[in-house]
There are 2 protein chains.
Amino acid sequence: MATIDLLLTNATVVTMDSNGTIMHDGAVAIAGDRIVDIGPSSELQARHTATNVIDCHGCAITPGLINAHAHVPMSLLRGIAADLQLDVWLFGYMFPVEGTFVSPEFVRIGTLLSCAEMIRGGTTTFVDMYFFEEEVAKAADLAGMRAVCGQSVMRLPTPDAPSFDEGLERATKFIEAWHMHPRITPTIAPHAPYTCTDEIYQRAVALCAKYNVPLVTHLSETALEVEESYHQRAGTPIEYADRVGAFKVPCIAAHCVHATNDDIKLLAERGVGVAPCPTSNLKLASGVAPYTKFIQGGVRTGLGTDGPASNDDQDMFSEIHLAALLPKGLSGDPTSMPAKQAFALATSSGARAIHQEHAIGSIEIGKQADVIVIRMNATHNSPSYSYSSDAVYNQLVYTCHAHDVRDVIVAGQLLMRNTQLLTIDEQQVLADARRIAHDINSFLANREENLLDKVLAISPVAASEIFEVQIKARITPEDARRIEAHVSTPPLHLIRQNSRTQYDTYFMWHDLTQGRIRLREDHRHDANGRTPPYYTLTLTEPATRIEHHVAVQLSRARYTAQANHTERFYREYFQPNHVVTITKERRRLHITYKDTEFAVNIDTLLNSPHPGPYLEIKSRTWSQRDATAKAELMAEMLTLLGINESTIIKHEYVDL
Amino acid sequence: MATIDLLLTNATVVTMDSNGTIMHDGAVAIAGDRIVDIGPSSELQARHTATNVIDCHGCAITPGLINAHAHVPMSLLRGIAADLQLDVWLFGYMFPVEGTFVSPEFVRIGTLLSCAEMIRGGTTTFVDMYFFEEEVAKAADLAGMRAVCGQSVMRLPTPDAPSFDEGLERATKFIEAWHMHPRITPTIAPHAPYTCTDEIYQRAVALCAKYNVPLVTHLSETALEVEESYHQRAGTPIEYADRVGAFKVPCIAAHCVHATNDDIKLLAERGVGVAPCPTSNLKLASGVAPYTKFIQGGVRTGLGTDGPASNDDQDMFSEIHLAALLPKGLSGDPTSMPAKQAFALATSSGARAIHQEHAIGSIEIGKQADVIVIRMNATHNSPSYSYSSDAVYNQLVYTCHAHDVRDVIVAGQLLMRNTQLLTIDEQQVLADARRIAHDINSFLANREENLLDKVLAISPVAASEIFEVQIKARITPEDARRIEAHVSTPPLHLIRQNSRTQYDTYFMWHDLTQGRIRLREDHRHDANGRTPPYYTLTLTEPATRIEHHVAVQLSRARYTAQANHTERFYREYFQPNHVVTITKERRRLHITYKDTEFAVNIDTLLNSPHPGPYLEIKSRTWSQRDATAKAELMAEMLTLLGINESTIIKHEYVDL
């Protein structure tokens with residue numbers, strides 16, 4: 001009778017083997033990193049002498065849970081921003097914060113925090129995709145977990161690689177360094193078809209093939225992605241991935257929410273593992289993956305949490321719960337996705353999804369000892385029924401939570417015992433996480449208090465302090481025609497002219513000191529019609545006004561950036577108290593008068609109760625003396641153009 | 001400076017008041033059953049001397065959660081049966097188990113178990129609907145919780161009332177006894193339009209009006225219910241409820257999953273509170289309630305857990321989580337149901353849904369001191385962000401779980417402190433629950449092992465031990481015509497005859513000792529066509545066979561019951577290993593031969609590879625001697641009818 005390392009006794013053993021074996025009052029024997037025996041407690045206790053015997057009375061022993069898709073370092077960004085459109089969330093929050101804060105230290109601490117959370121929740125294996133992935137690997141190894149670590153690559157600059165070439169180099173070095181590790185599988189993760197190129201996928205596949213590691217990627221997460229893929233890549237993202245060879249190596253495809261029936265056939269034929277993320281897919285409004293079609297179609301199906309910035313936890317019990325509930329609620333068939341099948345998604349089926357079914361996913365002799373002990377006799381999951389083998393799955397899926405996990409073992413090593421973590425200094429990690437979060441919180445707080453910082457966070461801006469003298473008057477259409485004729489008549493000289501339609505959206509706040517933001521879509525008309533519009537975002541801070549006889553002298557800071565997003569994006573990002581839109585037709589006449597340059601605008605507002613037309617005369621200035629001189633010249637011009645001073649108005653269009 | 005009872009300090013106070021006030025480093029002062037002060041910790045500590053000061057560093061203080069629909073005693077049936085069609089679940093499991101086990105003791109222990117679970121999960125108020133409701137009220141009072149307790153009434157017999165009259169009497173006594181209680185609101189709960197009558201609703205409304213208590217009912221839970229309501233009650237269940245006066249008193253309507261747009265207007269106009277149950281509605285495949293339409297339409301909207309036999313927990317954090325996720329995932333709009341709005345469903349909005357917004361649902365001076373303290377610095381919900389007021393709602397809704405609740409206070413009384421329950425002997429309740437569950441488990445285990453018990457559980461049966469002699473032969477259509485003519489010719493005498501079409505479904509098991517079950521739909525044809533079919537369910541145990549010369553003598557037990565459910569129901573309930581369907585046209589000729597009565601059947605099988613026709617001659621028997629004599633007579637009849645012995649077959653149709 002050889003001595004074994006660990007004997008778990010007196011539990012309901014839920015093996016998740018292909019026969020669905022369940023043992024009441026069962027035991028599991030572990031030697032080294034393997035399961036060496038399974039059976040009734042009394043028999044195993046008679047058969048083995050163990051260094052460590054753990055009584056699991058009132059508990060279930062199940063395979064460790066497999067999180068098939070995650071971005072674990074993002075636990076540091078948990079709860080940072082939610083309930084936003086994807087672009088606002090990504091461009092407004094994630095990219096600015098990640099661009100500023102993601103570093104090897106960030107990745108290390110975020111990973112340790114996630115490992116602590118995942119171990120506490122019974123997850124023993126995870127598949128990751130992030131930056132500085134060697135830090136994820138190191139931290140996961142330290143924590144004793146099993147992981148597939150995918151170094152992200154894409155065609156855009158990332159926090160750890162200014163170009164794909166450098167990203168590929170990072171990934172190659174990383175895989176070379178780690179590919180012999182017993183628990184950590186290093187790999188490369190081309191982000192998604194819409195952020196990569198054919199070449200990126202092809203070179204990533206070649207790398208995976210060389211080292212015999214799986215390829216990790218995102219496919220068909222949103223309906224929009226699929227729609228754009230049809231146009232840009234002549235097929236679904238899944239068809240595209242097949243075409244560029246991504247399925248020639250074992251592939252782990254996250255999401256696949258919008259897989260078509262043909263895609264599902266393809267995924268099954270190619271043996272691709274899919275990892276829908278129920279919480280994230282709902283929260284980001286991507287939809288609900290076709291779970292039952294995947295299973296019926298023979299696809300290797302797992303479940304993932306996605307990153308904690310879009311979930312916001314890494315709790316596989318939540319994902320199993322949702323995977324069991326959603327197919328019922330949406331199909332109208334309460335028998336779809338029975339509890340046992342849902343539990344398999346995070347165990348036996350999940351192991352197939354990440355191509356490790358030979359080693360993990362079920363409690364069988366010879367397999368890796370990745371097992372967890374779950375308390376089944378707490379108030380919220382009592383009482384227990386055993387008359388039917390289904391009852392234990394009901395209890396696991398519908399009543400158990402992450403915090404019911406008591407002990408966690410990976411490759412024979414205890415990572416948690418009696419809810420105490422054994423491999424991670426949890427208090428230190430929490431303190432480190434709080435420190436980083438504090439810095440990010442300050443960054444965001446400053447930004448939220450200051451519109452300029454908020455603009456700067458999403459785009460480079462051209463800043464300028466503007467001193468301007470201007471005059472504005474309400475005129476008649478006859479005035480407008482007369483002015484057009486007059487500006488070419490000395491002493492006025494027309495330098496150049498153009499016409500444009502300007503669609504302006506003003507974001508304004510109750511607190512006027514914040515300034516206002518104008519989003520402008522500017523269409524210039526030339527002889528051949530409109531030129532392509534250009535889009536600008538302008539932050540204008542409150543002006544200092546000096547009133548001259550008829551003109552007004554304004555000094556104010558203006559910051560202008562190119563606007564790459566939609567009006568809706570900016571509205572959700574800046575969250576103004578009110579929004580005013582103004583569309584105007586503008587004749588712009590650049591003239592000189594007494595050797596001084598002026599812009600003369602003849603504006604008509606469309607869809608306005610005060611359509612005008614209006615005359616605006618403007619000139620930049622730089623000194624009080626210059627401003628006073630220009631204000632004088634403007635008054636003279638007004639007389640020259642035959643405009644009565646009584647028509648002068650002092651408000652801007654948006655304040656009319 | 002008067003001494004107050006309780007001061008909670010150093011927390012993020014999430015008031016859920018109408019301004020959405022959040023205080024970082026805030027405090028809440030409690031005297032008697034009321035909140036008497038709210039503000040910065042330092043100010044409140046200076047202003048008050050408290051008997052009990054609780055430091056809530058790292059925690060949030062929020063209003064206690066409101067579970068607006070539950071059947072709390074059913075916690076004892078948690079996980080008992082799941083992933084079944086509603087009828088199988090209800091008629092196959094719930095009704096037989098409830099009919100056998102529900103008693104005042106069951107209700108008391110189930111309620112205490114649920115109260116323990118709910119307090120642990122931060123629920124301070126619940127709305128219940130069950131039987132022996134005075135036991136629910138007593139247990140909830142003992143636990144210190146706030147509750148609306150609805151005594152169920154319906155037109156069917158219930159575990160506590162053989163008829164509605166007795167149910168109404170129970171409810172009246174119950175309300176009289178409890179209606180002055182400060183925390184327990186007793187009421188009557190007409191189950192649903194489809195289980196009640198106009199009169200039941202009208203008398204329940206009158207009772208509620210008399211005692212000024214809200215009416216609790218189920219409305220529009222499933223699409224089928226709404227469809228049937230159109231036919232049977234000329235309108236939706238919600239329109240029907242309005243028509244019978246249910247909305248003349250404050251009403252709490254559970255589910256409303258299939259409320260139409262017109263229903264939503266009606267619910268808002270009448271001030272009806274709705275309580276969708278996200279988990280249960282998904283799990284029973286009822287669907288997803290129109291949460292955002294309710295809110296936009298101004299309906300008083302709460303959330304419920306429903307009974308733990310269909311959930312299977314009573315965790316309001318899960319319900320809030322789902323209520324936040326589902327509208328996003330299904331609408332495609334990630335900004336729908338922001339975290340703050342979802343959290344309101346269980347607090348401020350939930351209080352409106354149960355018509356108690358004057359007293360609970362927010363942390364405001366003068367309101368009842370129903371507050372909970374939630375740890376916000378655990379691994380799975382760290383780090384925290386505070387730069388935006390939304391961040392705390394993100395953390396509460398997307399990362400917090402029931403087990404993060406640390407302290408619970410109802411009406412100023414501490415019910416849980418540092419996760420220790422103070423009003424319930426939890427170990428005793430768990431032991432009691434296990435004892436009852438053990439009995440139910442044995443009942444079900446016996447039943448599952450024994451087909452007869454399983455039949456008995458759903459219907460009364462007529463049992464009979466049957467001794468029968470029979471002969472069966474494959475004949476030709478000419479034989480059949482000849483037999484028809486012959487049976488009226490002496491020595492044979494025709495007594496009576498009929499024709500029928502029998503649609504038989506056999507449920508069979510690998511283990512033949514289990515017997516088999518036949519579901520028969522029998523259509524008798526008379527001169528005017530088919531008579532209404534009748535349906536029977538017959539369990540036949542394995543037969544003892546004695547072979548005579550040509551006849552077979554069988555002795556076997558048969559149990560026949562009226563079949564009230566569909567074939568699908570029985571298939572899912574009995575879970576046979578295989579199912580065989582046989583449709584036959586049967587001419588049945590009752591004859592006498594030598595003063596002995598025989599049944600002569602001429603059968604043709606439809607849609608069968610062995611259509612026949614077949615001749616069957618059968619007779620009941622009671623002794624070996626009689627059987628031998630009848631077997632002789634049958635052999636003679638076969639000769640008389642011109643049937644060759646070589647055509648005799650010994651199998652039943654289902655075994656052909």
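In what follows, chains carry the letters A, B, and so on, assigned in the order in which the sequence lines appear, proteins first and then strands, with residues in each chain numbered from 1. Predicted, not measured: the structure shown is a model, and the values here were computed from it.
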Just wondering, do [Y] and [X] contact through their side chains at under 4.5 Å, heavy atoms?
X	Y	result
B/Val397	A/Asp312	no
B/Ile80	A/Asn394	no
A/Pro383	B/Leu113	yes
A/Arg434	B/Asn377	yes

Would you find a donor on one side and an acceptor on the other, under 3.5 Å apart, between the side chain of A/Arg78 and the backbone of B/Ser382?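 Flag set: sc A/Arg78 to bb B/Ser382 pair under 3.5 Å.
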
Which atoms of [X] approach chain B - backbone, side chain, both or neither, heavy atom under 4.5 Å:
X	result
A/Leu322	side chain
A/Thr279	both
A/Gln395	neither

Looking only at heavy atoms, which two atoms of [X] and [Y] are closest? And how far apart?
X	Y	answer
B/Tyr398	A/Asp313	O-OD2, 3.7 Å
A/Asn441	B/Tyr387	OD1-N, 2.9 Å
B/Lys283	A/Lys328	O-CD, 3.3 Å

What's the spacing between A/Asp315 CG and B/Asn381 CG if we round to 0.5 Å? 11.5 Å

Nearest 0.5 Å please: distance from the CG atom of B/Leu325 over to the CG atom of A/Asn281. 10.5 Å

By side-chain contact (heavy atoms from CB on, under 4.5 Å), which residues pair with A/Ser388, not counting sequence neighbours?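 With sequence neighbours excluded, A/Ser388 shows a side-chain contact (heavy atoms from CB on, under 4.5 Å) to A/Asp390, given in chain and number order.
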
State whether a side-chain donor-acceptor pair under 3.5 Å links A/Thr335 with B/Glu572.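 No pair is found: no donor N or O on one side chain lies under 3.5 Å from an acceptor on the other.
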
If a pair satisfies ring pair (Phe, Tyr, Trp, His ring centres under 6.0 Å) and one of its residues is in residues 310-332 of chain B, list it, with sequence neighbours excluded.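 Pairs touching residues 310-332 of chain B that pass the test: none.
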
